[in-house]
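Here the structure is a predicted model, which means the values were calculated and not measured. Counting starts at 1 for both ligands and their atoms, following the listed order.
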Amino acid sequence: MDCTYKNPNAPIEDRVKDLLSRMTLQEKIGQMTQIERSVATPADLKSFSIGSILSAGGSVPFQKALPADWADMVDKFQQAALESRLGIPLIYGIDAVHGNNSVYGATIFPHNVGLGATRDADLAQRIGAATALEVRATGIHYDFAPCVAVCRDPRWGRCFECYSEDTNIVRKMTSIITGLQGKPPADYPKGYPFVAGRNNVIACAKHFVGDGGTEKGINEGNTILSYDDLESIHMAPYLDCISQGVSTIMASYSSWNGRQLHADHFLLTEILKDKLGFKGFVISDWEALDRLTEPRGSNYCYCISTAVNAGVDMVMVPLRYKQFMDDLTFLVESGEVLMSRIDDAVERILRVKFVAGLFEYPFSDRSLLDIVGCKLHRELAREAVRKSLVLLKNGKNPENPFLPLDRTAKRILVAGSHADNLGYQCGGWTSTWFGGSGRITIGTTILDAIRESAGDETEVIYDEYPSTNTLAGQYSFAIVVVGEPPYAETLGDNKELVIPFNGSDIISSVADKIPTLAILISGRPLVLEPQVLEKVDAFIAAWLPGTEGRGVTDVVFGDFEFEGRLPMTWFRSNDQLPMNPGQNSYDPLFPLGFGLTYNKEKKP
Ligand code: GLC
């Protein structure tokens with residue numbers, strides 16, 4: 001039988017059309033369905049031709065599962081999918097947002113806010129390529145990244161997932177997509193999805209559109225803007241993503257002028273697909289359809305018809321998938337959702353699968369296993385840490401800089417809640433959805449790094465919350481590392497933005513007695529009281545650096561120069577928020593783009 005869709009040499013659009021023509025309504029709806037791994041069964045994958053599975057944050061085969069265990073799990077699901085009537089391969093998705101962060105031992109890169117401080121598009125691309133390798137090594141095909149939100153208010157719990165408040169910085173960092181997916185050839189058709197090969201992943205630009213502009217930074221809130229402002233501030237990065245061949249785009253939980261994005265046909269279809277020419281597929285967010293009604297998930301048929309008719313192609317259900325499939329079947333049979341809409345959605349999904357080569361290479365490539373957490377990637381992450389650090393103060397007077405510190409000093413005091421906590425320095429979306437504390441994976445804390453870098457004769461004293469007795473000792477200088485605990489999404493929404501765990505008091509108590517460098521580990525700018533800033537001899541914003549703490553000491557001890565510049569405005573007090581350049585009330589403690597160096601102050 002002439003199966004064009006099985007012919008790897010046939011044009012992709014011919015393969016899509018041929019396969020679509022052979023599919024039943026149930027198989028089409030199966031392809032539009034993404035389910036969580038915890039509810040996936042080989043039997044259902046096979047009988048319903050389910051299109052995709054995902055790991056929610058922290059949804060792992062088992063604790064400390066090795067890459068081979070991940071690949072075994074994904075390949076087992078894939079085998080079941082290939083046993084379906086038409087043998088359509090599934091795509092397995094995960095949030096690898098700063099490395100393959102759910103996988104124990106994976107390289108954890110700085111979160112996006114730190115990468116935004118580097119403004120280094122080439123670095124972002126190299127990180128994308130490394131991340132893609134560590135994702136494919138685990139058998140996974142699909143990465144719900146990058147987040148290209150433009151964070152206009154640091155009270156938003158997802159500020160750390162954003163490159164900047166400045167649209168142009170975000171636009172520049174979309175280069176990560178050509179690392180994740182590979183770089184399309186110059187004459188590649190505009191808006192068409194691209195995946196170079198087996199060392200690359202299907203990427204996902206998210207969350208379309210305006211998620212970073214909600215009122216008061218409330219997660220999943222309402223972005224009140226004219227269309228022109230929505231387009232120029234929040235939509236612009238998507239044009240760069242589409243021009244770089246991004247294969248999928250995730251709709252935002254948030255609303256625009258009171259209309260939920262998942263229900264917005266104008267933005268999802270008329271703008272994104274028709275005007276911008278996006279030819280990949282639009283995926284919903286987690287249970288986002290359920291959020292279209294109150295109480296959540298009530299009148300599910302209405303939720304489904306609204307979202308699918310608005311332009312959602314694949315639905316991250318992800319648990320009650322049988323009801324989803326039954327209800328969508330009913331909606332098509334009753335004419336509420338036209339078959340032409342279903343066909344458009346399935347064409348887009350199949351197109352991405354063909355482009356990604358999954359019909360030819362559906363299973364994991366075991367030759368990649370050792371690449372997870374490899375030295376080369378950790379060195380890349382260390383480079384990213386170096387370039388992300390922003391020096392806000394260096395010396396109580398400019399003529400007498402405090403940094404670089406002397407690694408051969410006689411006695412160093414290291415203090416603070418974040419000096420020796422790998423989970424804290426990685427932040428959210430690490431090991432679990434909202435991260436953790438302590439040795440949650442393999443890496444180097446800032447204290448480890450100080451101990452490794454210090455001279456043989458140097459005594460390093462560590463006291464997380466130094467007593468007066470400790471402070472009475474003799475030290476060459478102190479390094480105090482404080483900051484935020486990990487968080488994710490709404491858990492991170494915060495109006496006060498003060499340094500947690502009495503971080504300011506720790507800094508003050510140490511700086512009162514000892515020349516002090518303060519390092520802040522956070523997903524965003526936090527309140528810096530003038531008297532605290534006054535007391536310290538130097539201050540570094542280190543964002544959420546990930547596993548490679550040596551990147552911090554590389555710069556602090558002077559082996560490398562500071563390059564980072566603020567990706568976010570550093571406000572004086574939270575009652576100024578939201579505060580972005582261009583407002584006449586723009587009166588920051590440190591402006592967007594600020595960053596000192598060892599040689600001269602950098603102009604924004
Ligand atoms: C979450 C996030 C989204 C993520 C998805 C799958 O709720 O909003 O960024 O990709 O669910 O984990």
Side-chain angles (χ1 to χ4, degrees), residues 33-40 51-60 91-103 111-113 131 135 140-151 156-163 170 176-177 180 201-214 217-221 223 234 237-238 241 246-255 260-262 280-292 296-297 307 312-319 321 427-435 486-493 523:
T33 306
Q34 183 181 69
I35 69 177
E36 216 284 326
R37 55 165 285 284
S38 56
V39 297
S52 182
I53 299 178
L54 84 145
S55 269
S59 179
V60 301
I91 50 177
Y92 194 105
I94 200 164
D95 293 273
V97 296
H98 62 141
N100 196 0
N101 36 260
S102 288
V103 176
H111 266 296
N112 286 355
V113 67
T131 300
V135 169
I140 296 169
H141 324 96
Y142 184 17
D143 183 1
F144 304 125
C147 174
V148 294
V150 180
C151 178
W156 187 32
R158 306 193 76 166
C159 180
F160 72 95
E161 297 183 67
C162 307
Y163 294 110
V170 177
I176 193 167
I177 288 168
L180 289 167
V201 292
I202 297 162
C204 179
K206 66 185 188 182
H207 312 79
F208 188 84
V209 64
D211 49 346
T214 59
I218 294 167
N219 190 44
E220 305 184 21
T223 297
H234 298 282
Y238 286 90
C241 296
V246 74
S247 298
T248 76
I249 288 175
M250 187 181 293
S252 178
Y253 282 129
S254 58
S255 300
Q260 288 172 286
L261 255 295
H262 278 78
F281 69 79
V282 173
I283 186 168
S284 80
D285 206 332
W286 176 283
E287 289 186 349
L289 273 62
D290 303 59
R291 287 165 160 75
L292 296 178
R296 278 188 182 183
V312 171
D313 302 310
M314 181 177 280
V315 174
M316 188 187 295
V317 179
L319 304 176
Y321 60 94
W429 292 107
T430 314
S431 178
T432 68
W433 176 43
F434 37 79
Y487 48 77
E489 303 190 46
T490 304
L491 300 174
D493 281 4

* Asked: Aromatic rings Tyr238 and Phe208: how do their planes relate, parallel, tilted or perpendicular, breaks at 30° and 60°?
  ->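 Judged by the thresholds at 30° and 60°, the geometry between Tyr238 and Phe208 is perpendicular.
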
* Determine the minimum heavy-atom distance between Asn101 and Val97, stating which atoms define it. =>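 Closest approach of Asn101 to Val97: OD1-N, 2.8 Å.
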
* Please report the shortest heavy-atom distance between Trp156 and Cys151, naming the atom on each side. =>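 Between these two residues, the closest heavy atoms are CE3-SG, 4.1 Å.
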
* Asn219 side chain vs Gly157 backbone, donor-acceptor pair below 3.5 Å ->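 Not a single qualifying donor-acceptor pair exists.
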
Identify all pairs of nitrogen or oxygen atoms, one from ligand 1 and one from the protein, separated by less than 3.5 Å, and list them with distances.
from	atom 1	to	atom 2	distance (Å)
ligand 1	7 (O)	Tyr253	OH	3.1
ligand 1	7 (O)	Asp285	OD1	3.4
ligand 1	7 (O)	Glu489	OE1	3.2
ligand 1	7 (O)	Glu489	OE2	3.1
ligand 1	8 (O)	Arg158	NH1	2.8
ligand 1	8 (O)	Asp285	OD1	3.3
ligand 1	8 (O)	Asp285	OD2	2.6
ligand 1	9 (O)	Arg158	NH2	2.8
ligand 1	9 (O)	Lys206	NZ	2.9
ligand 1	9 (O)	His207	NE2	2.7
ligand 1	10 (O)	Asp95	OD1	2.5
ligand 1	10 (O)	Lys206	NZ	3.1
ligand 1	11 (O)	Asp285	OD1	3.0
ligand 1	12 (O)	Asp95	OD2	2.6

* Distance-only side-chain donor-acceptor flag, Ser252 / Asp211, under 3.5 Å -> no

* Residues two or more places apart in sequence or in another chain: which of them pass side chain to side chain donor-acceptor pair (under 3.5 Å) with Trp433? ->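 Once residues adjacent in sequence are excluded, the partners of Trp433 under the side chain to side chain donor-acceptor pair (under 3.5 Å) criterion are Glu489.
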
